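Okay, so here's the structure we're looking at.
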Protein chains: 2
Amino acid sequence: MAAPAEKHDVFKAIADPTRREVLRLLSESERPISEIADHFDMSRTAVTKHLNILKEAELISGRKEGREKIYQLHPEPLTEVKQWLSYYERFWENKLSMLKHLVEDEK
Amino acid sequence: MAAPAEKHDVFKAIADPTRREVLRLLSESERPISEIADHFDMSRTAVTKHLNILKEAELISGRKEGREKIYQLHPEPLTEVKQWLSYYERFWENKLSMLKHLVEDEK
DNA sequence: TTGACACATAACCAAAAGGTGTTATATTCT
DNA sequence: AGAATATAACACCTTTTGGTTATGTGTCAA
């Protein structure tokens, strides 16, 4: 049975600065956990927890390679955030929309 | 000490579904607290807490009008999220070599 | 095959988040 | 003035989050 798409939703996943930094690191290149942990002032176990949350949000995935586990970025779920955000873009891109949006039937 | 001891960042503010729903409600029109609370299955007190978090993130503002407090959307801080996202957009829009292996299609 | 390495997992803890109800204050309407 | 309404402020409870240390499992290399 397929994993539930959003056990951890993306918004929660990116809410934490540490996790955002992890995503940035992985956007540069895939890395093993130890290399990721070196960038933070916390234990490797704590980093692993963050990685698991990101993995449940399907923002990263890990493959085993020998005794290392290499994590890599999966940016697709971020489209959900982008779509959510696009609804609000009109409010700052054209100021007049504060009146306009009243006529829209959203949802 | 101009900086508030606990400035809620935007990412944290939008991480909660209830708060995102509040933003959506306020995007339709400004509303008093009681009207917002009617949309949720929780106490008005709990809603007020969410409003305060949104206010600290400067996503909403409230003005007193008689005995009511009217809350209004301020979408500007969302630009921070948009900018953060734009860094990752290229990863799914331009198919950079690093992410070649990502062949998942969208729903 | 023994020992060091890389990671996972479990047990535990403190603090923050998210909820409740009650009381207090300010405003409006008779 | 007094009653009703809207919100703020306060105290408290429970769950989640983010971290720790300790221990276990699989892999590589001498």
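Side chains are part of it too, since the values below use all heavy atoms of this structure and drop only hydrogens, waters and symmetry mates. All chains are named by letter (A, B, ...) in the order of the sequence lines, taking the proteins before the strands, and each is independently numbered beginning at 1. Please read all numbers here as calculations on a predicted model, not as lab measurements.
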I need the [atom1]-[atom2] distance between [X] and [N], as an integer number of Å.
X	N	atom1	atom2	result
A:Ile70	C:dA6	CD1	C1'	10 Å
A:Asp16	D:dT17	CG	P	11 Å
A:Arg63	C:dA8	CZ	C1'	19 Å
A:Asp38	C:dA6	CG	P	10 Å
A:Glu68	C:dC7	CD	P	5 Å
A:Asp41	D:dT20	CG	P	8 Å
A:Lys12	D:dG18	NZ	C1'	15 Å
A:Glu56	D:dG18	CD	P	13 Å

Does the side chain of [Y] come within less than 4.5 Å of [X]'s, by heavy atoms?
X	Y	value
B:Trp84	A:Leu23	yes
A:Ile53	A:Lys49	no
A:His74	A:Ile60	no
B:Phe91	A:Ser27	yes

Inset, instruction - Output the residues of residues 45-54 of chain B in contact with DNA chain D, where contact means a heavy atom of the residue under 4.0 Å from an atom of the strand; sort by number or write none. - result: B:Thr45, B:Thr48
Inset, instruction - List the atom of A:Phe11, the atom of B:Ile14, and the distance in Å for their closest heavy-atom pair. - result: CD2-O, 3.8 Å
Inset, instruction - Taking salt bridge (charged side-chain N to carboxylate O under 4.0 Å, His left out) as the test, write out the residues that go with A:Arg67, two or more places apart. - result: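 Counting only residues at least two positions away or on another chain, A:Arg67 forms no salt bridge (charged side-chain N to carboxylate O under 4.0 Å, His left out).
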Legend entry - ring-ring contact (aromatic ring centres under 6.0 Å, His included): pairs with one or both residues in residues 16-64 of chain A, sequence neighbours excluded: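 Found none.
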Legend entry - Pairing residues for B:Thr18 by the side chain to side chain donor-acceptor pair (under 3.5 Å) criterion, not counting sequence neighbours: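 Here the qualifying residues are B:Asp16.
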Legend entry - A:Arg63 and A:Glu65 ion-paired at < 4.0 Å: yes
Legend entry - Axis bend over the full length of the helix from C:dT1-D:dA30 to C:dT30-D:dA1, computed from five pairs that close each end, to 10 degrees: 20°
Inset, instruction - May I ask you to check if A:Arg90 and A:Tyr88 form a cation-pi contact, with NZ or CZ under 6.0 angstrom from the six-membered ring centre and within 45° of the axis? - result: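 Output no; distance or angle outside limits.
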Legend entry - Distance under 6.0 Å and angle within 45° of ring axis: B:Arg24 vs A:Tyr87: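 Because its charged atom misses either the 6.0 Å distance or the 45° angle limit, B:Arg24 does not stack over A:Tyr87.
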Legend entry - Steps toward side chain to side chain contact (heavy atoms under 4.5 Å, CB included) verdict (A:Lys55, A:Ser61): CA-CA 6 Å; A:Lys55 192 161 68 177; A:Ser61 69; 5.6 Å; no
Inset, instruction - Pick base, sugar-phosphate or nothing for A:Tyr71, based on heavy-atom distances below 4.0 Å to the nucleic acid. - result: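 The residue A:Tyr71 makes sugar-phosphate contact but no base contact.
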Inset, instruction - Remember a base hit wins even if backbone is also touched, and classify B:Ser43 as base, sugar-phosphate or nothing at under 4.0 Å, heavy atoms. - result: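 Since a base atom lies under 4.0 Å of B:Ser43, the category is base.
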Inset, instruction - Please state whether the phosphate of C:dC7, meaning OP1 or OP2, lies under 4.0 angstrom from any side-chain nitrogen or oxygen of A:Ser34. - result: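 For A:Ser34, the contact criterion (side-chain N or O under 4.0 Å from OP1 or OP2 of C:dC7) is met.
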Could you run down the sub-3.5 Å N/O contacts of the protein with nucleotides 23-30 of chain C?
none

Legend entry - Side chain of B:Met42 - closest among C:dC7, C:dG19, D:dG19: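 Of the candidates, C:dG19 comes closest.
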